[in-house]
S.K.: 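I have a structure I would like to understand better, so I am pasting it below and will then ask my questions one at a time.
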Amino acid sequence: MSFGKGSHLHLIDGSAFIFRAYHALPPLTRKSDGLPVGAVAGFCNMLFKYVEGNTGPDAPTHAAVIFDFSSKTFRNDIYPEYKANRPELPEDLRPQFPLTRDATRAFNISCIEVEDFEADDIIATLSCQARDAGGRVTIISSDKDLMQLVGDGVEMLDAMKNKRIGPDEVAEKFGVPPNRVIDVQALAGDSVDNIPGAPGIGVKTAALLINEYGDLESLLARAAEIKQPKRRETLINFADQIRISKRLVTLDCTMPLDMTLESMEVREPDHGTLLEFLNVMEFQTLTRRVADKAGVTPPAPPAPAVTLPDAAPEAPDAALPIDPAAYEAVRDIDALHAWIDMIYEQGHVAVDTETTGLDEMRADLVGISLATAPGRACYIPLLHRTGGDDLFADNTLTEGQIPLEDALRLLKPVLEDPSILKIGQNMKYDAKMFARNGIAIAPIDDTMLLSYALHGGLHGHGMDALSQTYLKHIPIPIKSLLGSGKAAITFDRVPVDDAVRYAAEDADITLRLWHLFKPRLHRAHVTTVYETMERPLIPVLAQMEMAGIEVDREVLSRMSNTFSQKMAALEAEIHALAGETFNVGSPKQLGEILYDKMGLPGGKKGKTGAYATGADVLEDLATEHDLPGRVLDWRQLSKLKSTYTDALQDHIHPDTGRVHTSYVIAGANTGRLASTDPNLQNIPIRSEDGRRIRTAFVAPKGKKLIALDYSQIELRILAHIADIEALKQAFRDGLDIHAMTASEMFGVPLDQMTPDVRRQAKAINFGVIYGISGFGLARNLRIPRGQAQQFIDTYFERFPGIRDYMDATVAFAKDHKYVETLFGRRIHTPEIDAKGPGAGFAKRAAINAPIQGTAADIIRRAMIRVPDAIADLPATMLLQVHDELVFEVEESAVEDTIAVVRGVMEGAAHPVVQLAVPLVVDSGIGDTWAEAH
DNA sequence: GGGCTCACG
DNA sequence: GACGTACGTGAGCCCG
């Protein structure tokens, strides 16, 4: 078919697809050989969806995917620095490039790349050719550099947001029509592509100038007429640089291209070819979907092979290839004895438990793996079962397994032997599993925590991430054994041979990571951090989690019912006010009701194009109409019900009648803990309705709950670190710190302080801890930005040391790429040199980290000392909420326990740090958490 | 699965 | 005078 009037050409920006796919998906790898294929998988999904969507009258007659040939192009000859700012391509992305070309061809779509030219130029040339031939063009991309092509039958489509970009949308973005976009870009420059432009002129100003003078050349010719001196100088002095910028941003519509538009005619994919490609890539879901669509049976997946990783250079031992086929299955007592002998000979062993689930309180032990040297690992299957996993499966144990009791009896002495170091990844999990089977594993090392001490802030500390980063090896994914979703099985149903490969590999990898990390602790000066604040926390947290806290189901269930009724009434009111029924829980529908239907003022859209309906927005709207206020009430109840009163009931353990959270030690960058499943660190307290949820957390008969919390710990740390004499003295004198700040700033005597002035000072005090900005404070206090900035200026004038601390901290971060707490915890700040909006984030995070992190260190130190301190008291530590500890205590010992724990908490910095301010701990007692706090 | 919203310190 | 903004978390819901 020739290309002409009535034809419709789709030009797909292939590179944009690839990058989006790469960043949207986890780093998937091909199961058989570990080849990174995440971007290819995402790319194929996008192409599949694209092809699926091409129906109806607007479907393309012609289509092509356009790629960049390489990063070097003719623009580098004009301006060597072009795109020089681009970050290095991720290592696992480059090898995926050729595969995306293969994928395109497998989908039977034209695939185009030309040496020396960017994809954008090819798109420009083809667009012009198609337009000149009388056809229409849709460019599938959201790249602003392509917007200059819009108009005359050429438009763009943002496939992500499914938003068409025509002349109006371009004008909205650049402030000028499409044919003047390059003028604006030439002036504004582009930090991403490293296009210099005119210094100090951005898109807004550029559009203003172009609209006033017509086009760039006229503007440059008449630059002398410009009134603002700075602008005038810039345009005169940088005229050449601006002209070069224009050449850089102008796309070439006249490229010599070998291919014709006709050759891009839309063709049906050849299902055989496509299926073969998808199958070789091992994309099971997509293969099945394509096969379903074609009405054929999907091809059998290729047989799995074994991964041979690159060697890690630093540890010769850890560098041996990982070979899951070499692992041993330990199936009888003699073999187990041999391994135990080997452990004693070695002096250390990596241990990993396999269980039926992730909840340590409910899961059952299925098997244990051990590794005594890199490459030397085994798996001891204990409770694997035969048959399927449905009701009719027989539950008989697989043959060739040592009876659980026998294995544990033999292993217990080793696992508890003080002379044998047990190494694990996330040992808290395994320690709890062993504890439930009567084994108190010790001493231990934990590779997750080693990594946390060494690399906090750089990346996650899960085993997959660590293995990929430091061993260049992708472990066998658990999903490949268990499947996912509804069809997932538990580990006891995994065939023993598969389990051996997977489980022993985990122990092997853990041991190799330990060999790498342990010697690095000293070099990085974080040995003390690891040994005093990470490792000792494991048994403490394990005990707290296993203890759990009693929760009264009746209280929660009654509250759920009350909330339901209130919500139903509110919902009826809301629908009546809106004049129609809609889903109150849908921000999208709510936005449409508020702004499109009712025409309320405002209606700001976020980056996704959806109306913002957050609480702050609705609060402002509440003055205009009754509906937003009702929605806020409804939302509060909905949150309380779904997240707390309903969900908490499901977390009550059937045997203990208590709720057992799980603390993540290496989750938060600053050293704080995180609580999950359920999160007991965000139980409501600020609202009256919410606070009542705490009445469901109760002490058993004869006992009390006590809560002890640090008063103003972060502000005290700030006073100490930034060395602010006035603040330090105020804390020593036990003054109301916010009132005192207000008094200093606004000159109001303490005895004349009003609650409102104090509230403002309080907001500033907190703001300082977060890396204050005029904008943030203004929003928080709901005052004009200028006034907020004034407050901040006054604050810094009164407490100049704060400014010094902030500057010094950012400088330190830039210098070292990390910041430190008072106790030596290092929090890496890899983004500190970021340009653009990321810069502010990174700076504020760097300012906050030593303060929040030091507070986290202090309570960690306290928690580690508490068990010994209360050993003789009938008291149990149950919860930690960042600056608060909750205990369950027999009534007779309440006062003693408070005294002891307060002493530990207030003295937790000693002897490492002598704080210049006292630490003060408040306490409460009650039958419920609501009373105790 | 990402985005939004909201609970806590 | 451009840009986007308080720091740190986890969970539930909607929607594609």
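Just so it is clear, the structure is predicted and the values come from calculations on it, not from any experiment. By convention in this document, chain letters (A, B, ...) are assigned in the order of the sequence lines, proteins followed by strands, and residues within each chain are numbered from 1.
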S.K.: Would you please confirm or rule out a distance under 4.0 Å between OP1 or OP2 of B:dT5 and any side-chain N or O of A:T613?
M.R.: yes

S.K.: Tell me whether the centres of the aromatic rings in A:Y50 and A:F17 are closer together than 6.0 Å.
M.R.: no

S.K.: Nearest whole angstrom, please: distance from the P of C:dT9 to the CD1 of A:I683.
M.R.: 19 Å

S.K.: Tell me: NZ of A:K639 to P of C:dC14, nearest whole Å?
M.R.: 13 Å

S.K.: For the side chain of A:K204, starting at C-beta, report the closest nucleotide among C:dC3, C:dT5, B:dC6.
M.R.: C:dC3

S.K.: Does C:dA6 have OP1 or OP2 sitting under 4.0 Å from an N or O in the side chain of A:R844?
M.R.: no

S.K.: Looking at every strand, decide which applies to A:I769 at a 4.0 Å heavy-atom threshold: base, sugar-phosphate, or nothing.
M.R.: nothing

S.K.: Nearest to the side chain of A:S586, heavy atoms from C-beta on, is which of C:dC14, C:dT5, B:dC8?
M.R.: C:dC14

S.K.: Can you tell me how far NZ of A:K762 sits from CD1 of A:I764, rounded to the nearest 0.5 angstrom?
M.R.: 13.0 Å

S.K.: With a 4.0 Å cutoff (strictly under), does any side-chain N or O of A:T205 reach OP1 or OP2 of C:dA2?
M.R.: yes

S.K.: Compare the minimum distances between each of C:dG4, B:dG9, C:dA11 and the side chain of A:R785, then state the nucleotide with the smallest one.
M.R.: C:dG4

S.K.: Measure from the side chain of A:F775, starting at C-beta and using heavy atoms only, and say which of C:dT5, C:dG8, B:dT5 lies closest.
M.R.: C:dT5

S.K.: Using whole Å, what does the distance between atom C1' of nucleotide C:dG8 and atom CD1 of A:I859 come to?
M.R.: 15 Å

S.K.: With a 4.0 Å cut-off on heavy atoms, is A:G614 in touch with a base, just the backbone sugar-phosphate, or nothing at all?
M.R.: sugar-phosphate

S.K.: Could you tell me whether A:N682 contacts a base, only the sugar-phosphate backbone, or nothing, with contacts defined as non-hydrogen atoms closer than 4.0 Å?
M.R.: base

S.K.: Regarding A:I847, tell me which of base, sugar-phosphate or nothing describes its non-hydrogen contacts under 4.0 Å with the strands shown.
M.R.: nothing

S.K.: If I pick the P atom on C:dG4 and the same atom on B:dC4, what distance separates them, to the nearest angstrom?
M.R.: 15 Å

S.K.: Rounded to the Å, how far apart are A:Y795 OH and C:dA6 C1'?
M.R.: 14 Å

S.K.: Classify the ring geometry between A:F766 and A:H738 as parallel (under 30°), tilted (30 to 60°) or perpendicular (over 60°).
M.R.: tilted

S.K.: Side chain of A:Q852: nearest nucleotide among C:dG1, C:dA6, C:dC7?
M.R.: C:dC7

S.K.: Any luck finding a side-chain donor-acceptor pair between A:T670 and A:Q852 under 3.5 Å?
M.R.: yes

S.K.: Which nucleotide wins on minimum distance to the side chain of A:N780, given the candidates B:dC8, C:dA6, C:dT5?
M.R.: C:dA6

S.K.: For A:E545 and A:T661, which I'm curious about, is there any donor-acceptor pair between the side chains at under 3.5 Å?
M.R.: no

S.K.: With sugar-phosphate meaning primed atoms plus P, OP1 and OP2, does A:A849 contact a base, only sugar-phosphate, or nothing at under 4.0 Å between heavy atoms?
M.R.: nothing

S.K.: Under 3.5 Å, is there any donor-acceptor pair linking the side chain of A:R779 to the base of C:dG4?
M.R.: no

S.K.: From B:dC6, C:dG10, C:dC15, pick the nucleotide closest to the side chain of A:K588?
M.R.: C:dC15

S.K.: Which part of the nucleic acid does A:E714 contact within heavy-atom distance under 4.0 Å: base, sugar-phosphate only, or nothing?
M.R.: nothing

S.K.: Between C1' on C:dG16 and NZ on A:K163, what's the gap in Å once rounded to a whole number?
M.R.: 17 Å

S.K.: Once you apply a heavy-atom cut-off of 4.0 Å, does A:F766 come out as touching a base, just sugar-phosphate, or nothing?
M.R.: nothing

S.K.: Once you apply a heavy-atom cut-off of 4.0 Å, does A:N583 come out as touching a base, just sugar-phosphate, or nothing?
M.R.: sugar-phosphate

S.K.: Side chains of A:N765 and A:Q712: donor-acceptor distance under 3.5 Å anywhere?
M.R.: no

S.K.: Mapping A:G771 and A:A674 onto DNA chain C by nearest heavy atom, which one lands closer to the 5' end?
M.R.: A:G771

S.K.: Considering only B:dT5, C:dC7, C:dG12, which nucleotide approaches the side chain of A:P587 most closely?
M.R.: B:dT5

S.K.: In whole Å, I'd like the distance from the CG atom of A:L648 to the P atom of C:dA11.
M.R.: 11 Å

S.K.: Describe the nucleic acid contact of A:S773 in one word from base, sugar-phosphate, nothing, applying a heavy-atom distance below 4.0 Å.
M.R.: base

S.K.: Of the listed nucleotides (C:dT5, C:dT9, B:dC8), which one gets closest to any side-chain atom of A:N669?
M.R.: C:dT9

S.K.: Report yes if a side-chain nitrogen or oxygen of A:N848 is closer than 4.0 Å to either non-bridging phosphate oxygen (OP1 or OP2) of C:dA6; otherwise report no.
M.R.: no

S.K.: Any base atoms under 4.0 Å from A:A856, or only sugar-phosphate, or nothing? Heavy atoms, all strands.
M.R.: nothing

S.K.: Could you tell me how far C:dC3 sits from B:dC8 if I compare only their C1' atoms? Round to whole Å.
M.R.: 31 Å

S.K.: Reckon A:R686 has a side-chain N or O less than 4.0 Å from the OP1 or OP2 of B:dA7?
M.R.: no

S.K.: Ring of A:F841, cation from A:R844 - is the NZ or CZ under 6.0 Å from the centre and inside 45° of the axis?
M.R.: yes

S.K.: Between C:dG4 atom C1' and A:Y770 atom OH, what is the distance in whole Å?
M.R.: 19 Å

S.K.: On DNA chain C, check which nucleotide each of A:A763 and A:L673 is closest to and give me the residue with the more 5' one.
M.R.: A:A763

S.K.: Taking the six-membered ring where the residue is Trp, are the ring centres of A:Y795 and A:F799 under 6.0 Å apart?
M.R.: yes

S.K.: OP1 or OP2 of B:dT5 sitting under 4.0 Å from any side-chain N/O of A:Q636?
M.R.: no

S.K.: Which heavy atom in A:M533 sits nearest to a heavy atom in A:R860, and how many Å separate them?
M.R.: O-NH1, 3.0 Å

S.K.: Within this structure, what is the CD1-to-P distance between A:I713 and B:dG9, rounded to whole angstrom?
M.R.: 14 Å

S.K.: Return the nucleotide paired to C:dA2: Watson-Crick means purine N1 to pyrimidine N3 with N6-O4 or O6-N4, wobble means G-U with N1-O2 and O6-N3, both under 3.5 Å.
M.R.: none

S.K.: Please give the distance between the C1' atoms of B:dG2 and C:dA6 as a whole number of Å.
M.R.: 24 Å

S.K.: Select one nucleotide: of C:dT5, C:dG8, C:dA11, the one nearest the side-chain heavy atoms of A:T676.
M.R.: C:dA11

